[in-house]
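So the structure is just underneath, and the comments pick up after that.
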Amino acid sequence: MTTQPILLAEKLEKVFPGVRALGGVNLTMAPGSVHALLGENGAGKSTMIKIITGVYRPDGGSLTLNGVERHFKSPHDAVIAGIGVVHQERNVVPEFSVAENMLLHQLPAKAGLVDREAMREQARRALDMIGLDVDLDEPVKGLSVAQTQLVEIAKALTTTDSKVLLLDEPTSALTLAETDRLLDVMRKLRDNGTSLLLVSHKLEEVFAIADTVTVLRDGESVLEAAPLGRFTTGEIVDLMVGRSHKASDFPARSVDRAQAPVLELDALSTGFGHRDVSLDVRRGEIVGLYGLVGAGRTELAKAVLGLDRIVGGGIRVAGKDVKIDNVGTALGRHHIGYVPENRKTEGLFLDQPLTMNIAVTVWARIRNFFGYVAKRRERDIAEHYVDRLGIKAAPRQFAGQLSGGNQQKVSLAKWLAADCEILIIDEPTVGIDVRTKAAFHELIWDLAADGMAILLITSDLPEMVTLADRIVVMRDSRVMGTVENSHHYGETSKAVIGLVHQTV
Amino acid sequence: MTGKDLMSRLRANRGSEPTLLVVGIVGYLALVLKSNGDLLEGNSIKGILIYLTVPILIGLAQLVVLAVGQMNLSVGALGGFLSVWIAALIVDSGLPPLLAAGIGIAGGALVGVVNGVLVVVTRINGFIVTLATMTILIGLQYRVAGTRTITLSDGWFTDFGSADVLNIPLIFIAALVVAAVLAFFLRRAVPGRRLLASGGNPLAARLSGISNDRSLILAHGLSGLIIGVAAVLTVMSAPGVNKSIGGDWLLPSFAAPIIGGAALAGGAVSVLGTILAAFIVRLVDVARAQYSLDPSLVNFTIGAVVLGTVVLGTIRENRAARAPKDPPKDTAKEAAPLAGSPS
C-alpha cells in the first residue's frame with residue numbers, strides 16, 4: 001500500500017519489572033481498514049493497546065498519527081487526538097446513566113452545566129449506529145454485561161471524528177447475533193474511513209472482518225501488516241504459537257493411569273457460572289488447565305477450595321465424596337493446597353519474615369498446649385524449605401524484600417510445609433525471569449515425581465507443554481476437551497489452540 | 001425536573017428516599033399525637049428546625065467527601081475551631097461580623113483544600129490525613145477558646161441567628177439553600193459530575209480524561225466550605241461558643257448521609273436522603289424529650305439505625321452484584337429481534 005498510514009507504531013518497547021512486555025513492535029494501520037492484532041496470552045497485545053491509547057508510556061519507539069509524531073501523556077490526550085478505544089475490562093460508572101457514561105470523556109456543557117439534551121442526542125446517535133435499544137437515562141448498573149459492553153463500544157463511537165478505533169476483545173461477552181451486529185457496525189465505520197484495530201481470540205470473527213493482520217509473539221511482531229487473505233487459519237495459528245520449543249530434559253516421570261484419582265470433579269457447577277466441569281488428577285500427575293484469560297480457571301480452583309458456592313455436581317477426594325466449606329477444611333482434612341496467581345496480594349504477608357510466611361499453614365500443628373507458637377520451631381521449618389527450594393534469602397528476611405521468583409517459592413513452600421497431597425498451582429511463573437522459571441519448572445516436576453497430584457493453571461503454553469501430562473482446555477467456564485500432552489510443542493499446542501478457538 | 005427524570009432517579013436509589021420520607025412523616029405525626037398537638041405549635045417547630053440546621057450541614061460536608069469514596073474525620077474539629085475563631089475575631093479583634101464570617105468560610109475551604117492536597121500528594125488514605133488534621137484543629141480550637149465561653153453581644157448577626165419566617169428559622173433556610181446548591185452542583189455541573197464519576201469508578205474516570213486528584217481536592221475543599229457555613233450559623237444562633245463545640249458532630253455527620261443512601265465506596269450520594277435522615281435523627285432527640293427518656297438511648301438508637309442501614313445496604317449490593325451474572329443470555333435473546341439482525 002502506498003497511502004500514508006493513519007497510525008504508525010515503530011519499534012515500541014515496554015519493560016515491566018522483570019518482564020519485557022514489548023521488544024520493538026511495529027504496527028502500520030492503513031486508513032479505512034480493519035487491522036487484526038493477534039497473539040497468544042502474554043504476547044503483548046494489551047500492552048500495545050495501552051500504549052497507543054496513552055494508558056502506558058513506551059520505554060522506546062515512536063507513535064505517529066496521520067504523519068505527526070505523538071507522545072500521549074494520558075488517555076485523554078489519545079481521545080483528543082482521535083483515537084477511540086474499547087478496553088477489555090468494563091469501564092463504566094455504575095450509578096451514571098447510559099448517556100452520561102458514553103459522553104463522560106467530553107461532557108457537553110453550557111456555562112459549566114451539563115447540557116443534557118446535547119448529551120442525549122449525541123449518545124442516541126451512537127447507539128443508533130450499533131442498533132442498541134436501551135433507555136438513555138437508565139443507570140448502567142441496571143444493564144446486562146452484554147448491553148454494558150455494547151454501550152462501551154457506542155461510547156468509543158461518540159469520540160468526534162474518531163480516526164482510529166481500537167477494540168480489545170469486544171465480543172467476549174456478546175452472543176452470536178450481537179457479534180454479527182457489531183461486525184456490521186465495524187464494516188460501516190470502515191467504509192466511512194475509520195481505521196479499526198481488532199484484538200480478538202476468536203479467529204472466525206477475525207477472518208470475517210479483518211483485511212490486514214499483525215501477529216505478536218513474546219513481545220515482538222512476527223508478522224507485520226500483512227494482507228490476511230493470504231493466510232489460512234492454520235497458518236495464523238502456527239505464527240501465533242510459533243517457536244519450536246526446546247524439548248524438556250527432565251528425567252522421565254510415569255503416571256500410573258490405572259490407579260484411582262485423588263481429586264475428581266464430577267459435573268461441577270458453581271455460583272460463578274461453571275457448568276458440568278469434570279476432571280481428575282492422580283497421584284504423581286500434572287494436569288494442566290488451559291484457557292484464555294477469563295475462561296474461569298482460577299474461579300474453578302477457588303470453588304474447589306470452598307471459596308465459591310457449588311450449585312451442582314460433586315468433588316471427590318481419594319474416592320470419597322467431600323464437601324469443602326473453606327480453605328481450612330481443604331487443607332486440614334483433604335490436604336489440598338492452593339498457590340495463588342498473585343503472590344503479592346494473595347500468596348504472601350509481605351511485611352512478615354519468611355518464618356511466618358512459611359509456617360502459617362502449620363501453626364495448628366506446631367503450637368503448644370496453650371496455643372503458643374515457638375519461634376524456634378517456625379525457624380526450623382522455614383530453614384528446611386529455604387534449603388530445599390533453594391530460596392535465596394535468610395529465614396528472617398521480610399517476604400516483601402525478595403525477588404519475584406523467590407517470593408513465588410515462599411508462596412509454594414508453605415503448602416509443602418503443610419504436607420499437601422494435592423496442589424493447585426495458579427500461573428506460577430508470571431513476571432519471573434527465564435532462569436528462575438526453568439528452576440521452578442523443575443521444582444514442580446520433582447514434586448509430581450515424588451507423588452504429589454498437581455493441577456496446574458497457566459496461560460503460558462510452552463510452560464504447559466513442558467510440564468503437564470494432560471491438558472484440560474476451558475472456555476467460558478466449561479471444559480472444551482482434554483489433550484494428551486506428547487511434549488512435542490507444535491503438535492500439542494495446535495491441539496490446545498484448536499480447542500480454544502474452535503477452529504473449524 | 002421532568003417526570004421521567006424523577007422516576008429514573010427514584011429507581012436508581014431503589015426507593016431509599018421515599019422510605020425515609022414516610023418514616024419521617026409517620027415518626028413526626030406519632031410525636032404530634034403523643035404531645036397532644038403541642039409539636040404543631042410554631043415554637044416547637046422552630047425548636048426542631050433550629051437544631052436540625054447544623055446536622056444537615058455537617059451531613060452534607062461528609063456527603064461530598066463520601067462521594068469520592070473518602071472520609072473526613074475533621075468535620076467536627078474544623079467546625080469547632082472555625083466557630084470559636086469567628087467568635088474571637090468579632091469579640092476580641094473587633095472585626096465586623098460579616099468580615100469575620102467571610103474569613104471563617106474561606107478558612108474552612110482552605111483547610112479542606114489542604115486536606116485534599118495532602119491526600120493527593122502523600123497518597124495516604126484520607127481517613128488518616130483527616131484524623132491528623134482533626135487533632136491539630138482540636139488543639140487550635142483550645143488555643144483560641146481557652147476555658148472561656150465566647151458570647152457575642154446582640155446585633156444584626158445574632159438577630160439573624162434567631163430570626164424566622166413563619167416560624168421557619170432563617171438559619172435553617174440558609175442550610176436548605178446550601179443543600180439545594182450542592183444538589184444542583186452534583187447533578188448538573190460538570191465538575192460535580194466528574195467528582196461523582198471519580199468516586200463511582202476511578203479507573204473509568206481516568207480513562208475518560210477526568211483527573212481523580214482534582215476531584216479529591218475539590219471534594220475536600222467543598223467539605224471545608226460547608227463546615228465554614230455551619231460554623232457561621234452556629235456562632236449566629238448559639239448563646240456562646242467554647243472549646244467543646246463541634247465535639248459531638250462526627251457521628252451525626254456520618255449518620256445522615258449513610259442512612260440517606262450514600263455508598264461508602266463512593267459515587268452514590270443523595271442530598272435529599274441526607275436531609276431526611278438528619279430529620280429522622282432529630283426526631284429521635286425530640287422523642288427523648290417528649291418521653292423523658294434516658295439520653296443514652298438517643299445515641300443507642302442512632303447507632304443502631306446506622307448499623308442497620310449499612311447492613312441492609314450491603315445485603316442489597318451483594319444481591320445486585322449476584323443478579324446480573326446469569327441473565328446475559330436472556331437479554332441477548334430479547335435484544336436480537338430489536339436489532340432486526342438477519343441471523
Practice prompt. Could you note down all residue pairs passing salt bridge (charged side-chain N to carboxylate O under 4.0 Å, His left out) where residues 111-129 of chain B supplies at least one of them, sequence neighbours left out?
Written response: B:Arg123-B:Asp213
Worksheet item: Under a 4.5 Å heavy-atom cut-off, does chain B meet the side chain of A:Val92, its backbone, both or neither?
Response: backbone
Discussion item. I'd like to verify something: which residue of A:Asn101, A:Asn91, A:Val85 has the highest number of heavy-atom pairs under 4.5 Å with chain B?
Written reply: A:Asn91
Worksheet entry | chain A contact via B:Phe185 - which portion, at a heavy-atom distance below 4.5 Å | neither
Fill in: Contact origin within B:Leu207 toward chain A - heavy atom pairs under 4.5 Å
both
Worksheet item: Under the side-chain contact (heavy atoms from CB on, under 4.5 Å) test, which residues partner A:Ala303, sequence neighbours left out?
Response: A:Thr270, A:Asp308, A:Ile310
Worksheet entry | Pairing of A:Arg124 and A:Glu121 as salt bridge, 4.0 angstrom limit | no
Discussion item. Quick check on the structure: residues of residues 60-67 of chain B within a heavy-atom distance below 4.5 Å of chain A, by number.
Written reply: none
Worksheet item: Between OG of B:Ser223 and CD1 of B:Ile58, what distance do you get to the nearest 0.5 Å?
Response: 10.5 Å
Fill in: Qualifying residue, where the test is side-chain contact (heavy atoms from CB on, under 4.5 Å) with A:Val86 and the options are A:Leu166, A:Ile153, A:Leu157
A:Ile153
Discussion item. Using side-chain heavy atoms (C-beta onward) and a distance below 4.5 Å, is B:Val75 in contact with B:Ile227?
Written reply: yes
Fill in: Contact check, side chains of A:Arg120 and A:Arg116, non-hydrogen atoms, under 4.5 Å
yes
Worksheet item: Looking at residues at least two apart in the chain, or sitting in another chain, which of them share a side-chain hydrogen bond (donor to acceptor under 3.5 Å, both in side chains) with A:Ser477?
Response: none
